[in-house]
Every structure is written in structure tokens, then in C-alpha cells.
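Working notes, beginning with the structure itself.
From a predicted model like this one, the values you see are computed outputs, not experimental measurements.
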Amino acid sequence: MYRLSQYRRILKIPVSDHNAFFLWGPRKVGKTTLLRQNFPKAKWYDLLDSTLQTQLQIDPHRLTEEVVAQAFPLVVLDEVQKVPRLLDEVHWCLENTQTCFILCGSSARKLKRGAANLLGGRAWRYQMFPLTTTEIEQPDLHRILNHGLYPQHYHATQPDKFLQGYVLDYLREEIHDEARMRGVDTFNLFLETLASTHGQLINYANIGRQCGVSPGTVRGYFQILEDTLLGFTLPPWTGSTKHRLIETAKFYLCDPGLVRWLKGISKIQSKTEE
């Protein structure tokens, strides 16, 4: 974490103004680092800890018992989507204690799919992205395009090793499993097609033909990437709130380094290197 703490993120969570917050963002953008920097005295529940995760899955009420007994001023639940039942306990604590909660995770998709308690609008929602040029002391466009803007990737001397692991082990496996899709090979082909058409007008039918699936399935793939905060759709601007063009939105992955790696470009050369 000490290597990543050199970046001072501009996102602020105003715990003095409210008592419940969701902080969402894709893996490795620095959510945990940000929270540990800003709230070092918070009571921390790291749900990537398999022992703790199992204990709270078996007995989620343990969270309430500890909050009531020790009156923690601030509690952070990291990777909260791992144990959705904890949200009922958080809801009760918000109604009956003075404890403030920050609920951090890489995807709300599992919570929504499992009909988890999303606190009925009580929690303020924040989203964290990869680094911005404001957060980098001396932004280097060539480095941004090759390394990407995930803090660890931007800092790395061998970014391709990190990008490869992120794509193969997270994008292609974990995201596929989380979405409960059939046909991992089809999803892999979709990712490659997405990279080649990145930032262009979306044509679901054409992408579907290239991947061998229906346009509806392609729409679902795009929705998965949005739900897991790995990309976003830019709707068309029409100049009118009453008229919208059809099939002319664009889609952008959240990180240029991922785009380069998915396209199979070994390195983007600067003019001085050409």
C-alpha cells in the first residue's frame, strides 16, 4: 500500500455530514487505500479474509453485536458484496446506533441479484475511478496510454504483467462467473471485439454476428461491464430532450491500458521512438 499512497485522491467522503455511504469502483482503483488513508481509526471488516467472511456468513448478527457492544464511531465493510446479508444488520444499526458505515465494493450486481437490502436510499453513493491527471504530479500521456491509470499499473515498470493478470484472471474469469453466463469463450471474443470498436458507435447486431450471439446477449454483456464499473455508455447528444437517436451510443472502458492490451498492441510508440 505504501507505493500507492503517493497518489492523493481527490474523492472525499463527508462522514461528518451523514452516517451511511456506498463506495463502488472496479478492482484495483485504490478504494481500500483511500479509505485507510482517510479513516485510519475506523473499525475494519475485510471480507476478502476468508475466515472472517465465513464467520459473518454463518452469523451476520455478530456485526450488530460488536457495534452495539463497542459503539464504534465508524465501520468500514470492505467488499460488502461478499456477504449481502450484512446489509440487514447495517440497516438496523443505522436506525438504532450512532455508528457511521462505509460500505465498499467492486460491484453492486451481486447485491441486486440477491435482492439484498440496499438501505432504501439511506446511503449516499460514491464511485471511484482510476487515477485522473489531477492526481498525478506530472501526467505522461505516453505512459497513460501504455500503462493505463490503475495506480499499481501506472507505477509499474512491467505494466503488461499486471494488465495480463487483470484481463485473464479478473475480466475473463471473475466477471464471467459473477454474471453467471454460459460460454466463457464467447465472452472472451466479445471483449476482443469491444476493444477493436472501442469508442465507436455501438452496433449490437454487428457485434453479435462477430461473436455468434444475439444482439440481446451483446446488450447484456455491455450491461455487465457497466454493473461492475469497468466501463460506461455515452448516450448520443441530440440537442433535444424529446428525441433520441437509436443505436448510436458509444461505450468506453474505464482504463486506456486495458484497451491497449485487449487490442493486442504491444506498445504505443511516441514520436521520439518512431
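Taking a cutoff of 4.0 Å between a charged side-chain nitrogen and a carboxylate oxygen, Asp46 and Lys82 do not qualify as a salt bridge.
One finds the CZ atom of Phe222 at 4.0 Å from the CZ atom of Phe190 (value rounded to the nearest 0.5 Å). The CG atom of Leu201 sits 5.5 Å away from the NZ atom of Lys250 when rounded to the nearest 0.5 Å. Remark: Gln210 CD to Thr197 OG1 distance equals 7.5 Å, nearest 0.5 Å. Distance check, rounded to the nearest 0.5 Å: CG of Leu35 to CG of Leu77 gives 11.0 Å. Note that CD1 of Ile102 is 4.5 Å distant from CD1 of Ile13, once rounded to the nearest 0.5 Å. Atom OG1 in Thr217 sits 13.5 Å away from atom CD in Gln223 (nearest 0.5 Å).
Within the 3.5 Å criterion, the main-chain N or O of Glu89 finds no donor-acceptor partner in the side chain of His61. With Thr97 contributing its side chain and Val68 its backbone, the two residues share no donor-acceptor pair below 3.5 Å. Not a single donor-acceptor pair under 3.5 Å links the side chain of Asn146 to the backbone N or O of Lys267. No donor-acceptor pair closer than 3.5 Å links the side chain of Gln53 to the backbone N or O of Leu48. A donor-acceptor distance shorter than 3.5 angstrom exists from the side chain of Arg260 to the backbone of Ile265, with no hydrogens or angles considered. In this structure a side-chain-to-backbone donor-acceptor pair under 3.5 Å is missing from Asp78 to Leu47. The backbone N or O of Gln127 lies less than 3.5 Å from no partner atom in the side chain of Lys31, so there is not a single donor-acceptor pair. At distances below 3.5 Å, at least one donor-acceptor pair connects side-chain atoms of Arg122 with backbone N or O atoms of Leu119. With hydrogens and angles ignored, the 3.5 Å screen pairs a side-chain donor or acceptor of Glu135 with a backbone N or O of Ile10.
A 6.0 Å sphere centred on CD of Glu95 holds more than 12 heavy atoms belonging to other residues, nucleotides or ligands. When the shell of 6.0 Å around CD of Glu65 is examined, it contains more than 12 heavy atoms from other residues, nucleotides or ligands. No more than 12 heavy atoms of other residues, nucleotides or ligands shown are found within 6.0 angstrom of NZ on Lys161. The environment of CD in Gln200 is crowded: more than 12 heavy-atom neighbours from other residues, nucleotides or ligands sit within 6.0 Å.
Residues Trp24 and Val80 meet the side-chain proximity criterion, which asks for heavy atoms closer than 4.5 Å. The closest side-chain heavy-atom distance from Tyr170 to Ser106 is below 4.5 Å. Between Phe129 and Leu149 there is no side-chain heavy-atom pair separated by less than 4.5 Å. Residues Leu194 and Leu225 meet the side-chain proximity criterion, which asks for heavy atoms closer than 4.5 Å. You'll find the side chain of Asn19 reaches within 4.5 Å of the side chain of Leu94, heavy atoms only.
Nearest approach of Pro256 to Gly148, heavy atoms of both residues: CG-CA, 4.3 Å. Here the shortest heavy-atom pairing between His147 and Tyr154 reads ND1-O, 3.5 Å. For the pair Cys211 and Thr186, the tightest heavy-atom approach, listed with the atom from each and the gap, is O-CG2, 3.8 Å. The two residues Pro151 and Leu131 come nearest to each other via the heavy atoms CA-CD1, 3.8 Å. Heavy-atom minimum distance, Pro215 versus Ala205: CG-CA, 3.9 Å. Closest non-hydrogen pair, Phe101 versus Leu74, comes out as N-CD1, 4.4 Å.
The aromatic rings of Tyr126 and Phe21 are tilted relative to each other, their planes meeting at an angle between 30° and 60°.
Transitive grouping of hydrophobic side chains (ILVMFWY, heavy atoms separated by less than 4.5 Å) keeps Val75 and Trp92 in distinct clusters. Residues Phe232 and Val259 do not share a hydrophobic cluster, clusters being chains of Ile/Leu/Val/Met/Phe/Trp/Tyr side chains in contact below 4.5 Å. Criterion: ILVMFWY side-chain heavy atoms under 4.5 Å apart, direct or through other members. Under it, Leu253 and Met128 are part of a common hydrophobic cluster. Using a 4.5 Å cut-off between side-chain heavy atoms of Ile, Leu, Val, Met, Phe, Trp and Tyr, with links allowed through other members, Ile268 and Leu141 fall into the same hydrophobic cluster.
Side-chain contact annotation: Gln152 with Tyr166, donor-acceptor N/O pair under 3.5 Å absent. Side-chain polar atoms of Gln81 and Glu79 form a donor-acceptor pair below 3.5 angstrom.
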In sequence, state the C-alpha distance, the side-chain angles, and the governing distance for Tyr150 and Phe162, and then conclude on ring-ring contact (aromatic ring centres under 6.0 Å, His included).
CA-CA 10 Å; Tyr150 285 91; Phe162 287 105; over 10 Å; no
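Here His198 and Phe251 keep their ring centres 6.0 angstrom or further from each other.
The one candidate from Leu87, Leu23, Val76 that meets the side-chain contact (heavy atoms from CB on, under 4.5 Å) condition with Leu103 is Leu87.
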